[in-house]
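A short write-up of the structure that comes next.
Below, read A as the first sequence line, B as the second, and so on, with proteins coming before strands; counting in each chain starts at 1.
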Amino acid sequence: MTTIEKPKTHSAPYEPQTLERGWQERWRTQGLYRSTEGGGKPKYYVLDFFPYPSGDGLSVGHCRNYVPTDTLSRYFRMRGFNVLHPMGWDAFGEPTEQFAVLTGTSPRVATDRNAANYKRQFDLIGCSYDWAREIDSSAPDYYHWTQWFFLLLYKRGLAYRAVQWQWWCPRCQTTLSNQEAQDGVCWRGHTGLTKKQIPAWYFKITDYADQLLEGLKEREWPERIKLMQENWIGRSEGCEIGFTTEAGEPLPVFTTRPDTVFGVTFMVIAPEHPTVEALTTPDRRAEVTAYVERAKATSEIDRLSTEREKTGIFTGSYAINPLNGDRVQLWVADYVLATYGTGVVMGVPAHDTRDFAFAKKYGVPIKLVIQPPDWEGTRKTADDLDDAYVGPGTMVNSGEFDGTPTPDPAIGAVTRRVAELGLGKGTTNYRMRDWLISRQKYWGAPIPIVFCPTHGEVPVPEDQLPVELPEMANFTPDGSGRSPLARATEWVNTTCPTCGGPAERETDTMGGFACSSWYFLRFCSPDHMGAPFDRAKVDYWMPVDQYVGGAEHAVLHLLYARFWTRVMHDAGLIGFKEPFYRLRNQGMLVVSTPHRRAIDPNATEPWVPITTEEAQALRAKGEVVEMRSAKMSKSLRNVITPDEMVEKYGADSLRMYEMFMAPFDQEVEWNEEGINGQRRFMGRVWTLVTETWAEASGEHYTASDEALTRLRHKTVKKVSEDLEKFRFNTMVSALMEFANALGERHRAGAWKTASFQEAVGTLVLLLAPSAPFIAEALWQLTGGFGKGKLAPAESGDPKTRFGEIGSVHQQAWPTYDESLTRDDVVTLVVQVNGKVRDRIELAADADEAAARAAALARPRIQEFVTNPAAAKFIYVPGRLLNIVAR
RNA sequence: GCGGAAGUGGUGGAACGGCAGACACGUCAGCCUUAGGAGCUGAUGCCCGCAAGGGCGUGAGGGUUCGAGUCCCUCCUUCCGCACCA
């Protein structure tokens, strides 16, 4: 035991590198961040999107997520909440497998190494995760339950195997879900996606389309994310109408505008539609076949581009409009999607802009069936249309419906008639497709299905789970389109759970988004055996109170997890339908990076980021290189790591800066110069507290400093409110202003007051969530200075005095008195005709007469207001007096 | 094209309809130091002025109001989302 040495008048300098060392270990030994259920405190579950532990480690960009949530967790703990703040690894995935292919390192080894590195970095930046709850989605005792959920979905008819056209990434050598393949670019950033038709497993997320839409309503989520999910689900109500071919074959269409059905002059079939061939007349065959082939070869992105002019080709056949018997041309066009609606579209050129353009181009007739209101009584016809008329109006040329106002009640009336005639019915369509879960990859959770020659696909019985990944040495795709697992012959060859005869295992694994669809439940009881989770613990902790992660998962993880949660709810496993109560997306952290012009002048992004070395080479060749913002990425070698920042400035300064830089949800460019400001701030706080303590130790002052007391209450209020509202940047400013006010008093020698001592103590507590290391060091050093415990502890190393005074992180959050957050004397701004002319000190509650008198007594005001009797006064108590003078 | 968000000093950004530019970065000056990419003090929107002070200022233009960065209308720009969904 060493005795605390009272610092000399000039205290030791602030050295974060040594100061921060060792605290995490002490906190962990003390079990400070262990969360246990119950205890009478309200619970608060603060969750970060669990990361994929990549070999690159964390960048300061990632810290923009983790630092604020950690600060929030620490704040809620001090506020007396039972906080669950866990961390784990979304460990299955393509990059690790790729790494294995390239280096021969086993994915297991690479994953463990990467996770350990992440953990080290989280520790370094002061994160307060409950590591006893660490989970790893690639561990058998985790994916055991991912497989169990697969079987649950299977048993509930929500998992099925089918052969359909799929997105395929040639680089990843695997199929991808629609969500992962948006815009023809794989979610890992690979272009050149193709389509492939192979058997694969699907989750029937479409069954939950309406529920998923409905459940969005009460979520405290960014509107942007809710909108993206709504668009993705893409619900649209309409009517299916049974057109037939002239030969009598059914050819139903889906339309949202049944009120225009009498205006159909042509129909369009998707090139992939199975009936195209049969509908093509012999004389048209050659042309149609060529068109279809061309369409299939055209990339999906091009086909879906609105820029592109519509093309199509006449099949030679006709269809019959069942409502009026019209004979209409049947066309094939690549803008019609085989996967939406019925793959056949009715063409109403007069009332649909796209159909209008198509009809004009190919000389298809245009028939007016909805009369615009201002055409009433005119002789205008379809020939007078410059473009399709899509607005409201009155039905015309529509037989029994003539005169019906549209869209209401016409749509309903026609839909009813269609149903009465047995031609169709009102239906709802969704853009969302079922979720493709199969991946032809090794490093994923095996799909627990066995194929038996006699019994077909057989689910692996629950007591035989987990289906463990076999050890393999070579993960290189062999080009067969099958998972490397197919080569693990011993593992593949198994017995049928039903008959015991020889059978083969499914060799596809589940995409990583299956594993991440339930991890938030596992955190509630990470070591639970015999079930995916302990119901009581899930009931206690769930739903997640505050979820934080990047917006890029808007229609991926965030939709999948909601779907799984609803399935579990329907299976009676949990008592809630939505997993995440509040959601926030942190803004991206970008970094100034050299860019060259895109080679393709029509590229969507005209600038391409490059490395500094590439930039030098290009500049030497006289090419244009511009500095622009880009995401940090290892390949661009523009990654800033927390390690180097902690080394240079300390973790506290990094944390403060991450939050101070910009509003939480806003994109911001990293600027290392700024972090110095926080480093200086930490240094000032250190000097202020240690010097005050050294000088005042043992003394208790009684004088009060009313203004400082009020500032303290204001600051506590501001910091608390800002934290809860995710306004971390202004929270930091408030702390700086508070510290600056203390510093001023200290320098002016006006610090020997009780108010000052209390304020210094409060400052340390207010800093604890944001800057946990310096706050703890100061707390231990001063023994809760300002709380009456002025003398240093009798004995012991300041770093191990938990027993005496506890950790700063176990202290109660300071409270404030609302009445003291307002000043009693204010500076009243005096305006004349809206321009500020003077300022007067006045009691906050002064009435208007007093304010007027005070203002008019001032010579500066008298100059501007020559005739006060004629003036009008606007008085906002505590703020301003505006004198409107003539 | 449709929908959303945003345009504020040299920079990041503050600002319940009420003192625009808090808090920082940077810059400049001074102090201290053997030295400093350290620390401290001060100045720092623009224009006029020695100063006191005055004028102008939140993308552009209009409006509402005693008062507008903030509310309303038109336009411009940027970012994001959706984009043949029948």
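A:F681 comes within 4.0 angstrom of nothing in the nucleic acid, heavy atoms only. At the heavy-atom level, A:K835 lies under 4.0 Å from the strands shown only through sugar-phosphate atoms. Using a 4.0 Å heavy-atom criterion, one finds that A:V829 contacts the bases of the nucleic acid, with or without backbone contacts as well.
Residue pairs meeting the side-chain hydrogen bond (donor to acceptor under 3.5 Å, both in side chains) criterion with at least one partner in residues 658-667 of chain A, sequence neighbours excluded, do not occur; the list is empty.
Remark: B:C85 base-pairs with no nucleotide; criterion is Watson-Crick or G-U wobble with both hydrogen-bond distances under 3.5 Å. Of the nucleotides present, B:C56 is the one that pairs with B:G45 by Watson-Crick or G-U wobble criteria, both distances under 3.5 Å. Both distances falling under 3.5 Å, in either a Watson-Crick or a G-U wobble arrangement, occur for no nucleotide opposite B:C50. Pairing for B:G3 goes to B:C80, judged as Watson-Crick or G-U wobble with the two contacts each under 3.5 Å. Base pairing analysis places B:G30 opposite B:C40; the two distances defining the Watson-Crick or G-U wobble pair are each below 3.5 Å. With both pairing distances under 3.5 Å, B:G17 is matched to nothing as a Watson-Crick or G-U wobble pair. Across all strands shown, B:G67 has no partner, as no Watson-Crick or G-U wobble contact with both distances under 3.5 Å is found.
With C1' as the reference atom, B:C16 and B:A68 are 14 Å apart, rounded to whole Å. When the C1' atom is compared between B:G45 and B:U11, the two are found 13 Å apart, to the nearest whole Å.
Results of the side chain to side chain contact (heavy atoms under 4.5 Å, CB included) test with A:M267 over A:V345, A:V253, A:N321 single out A:V253 as the only residue that passes.
Between the side chain of A:N231 and the base of B:C82, no donor-acceptor pair of N or O atoms lies under 3.5 Å.
Against RNA chain B, the stretch residues 348-358 of chain A makes heavy-atom approaches under 4.0 Å through A:R354.
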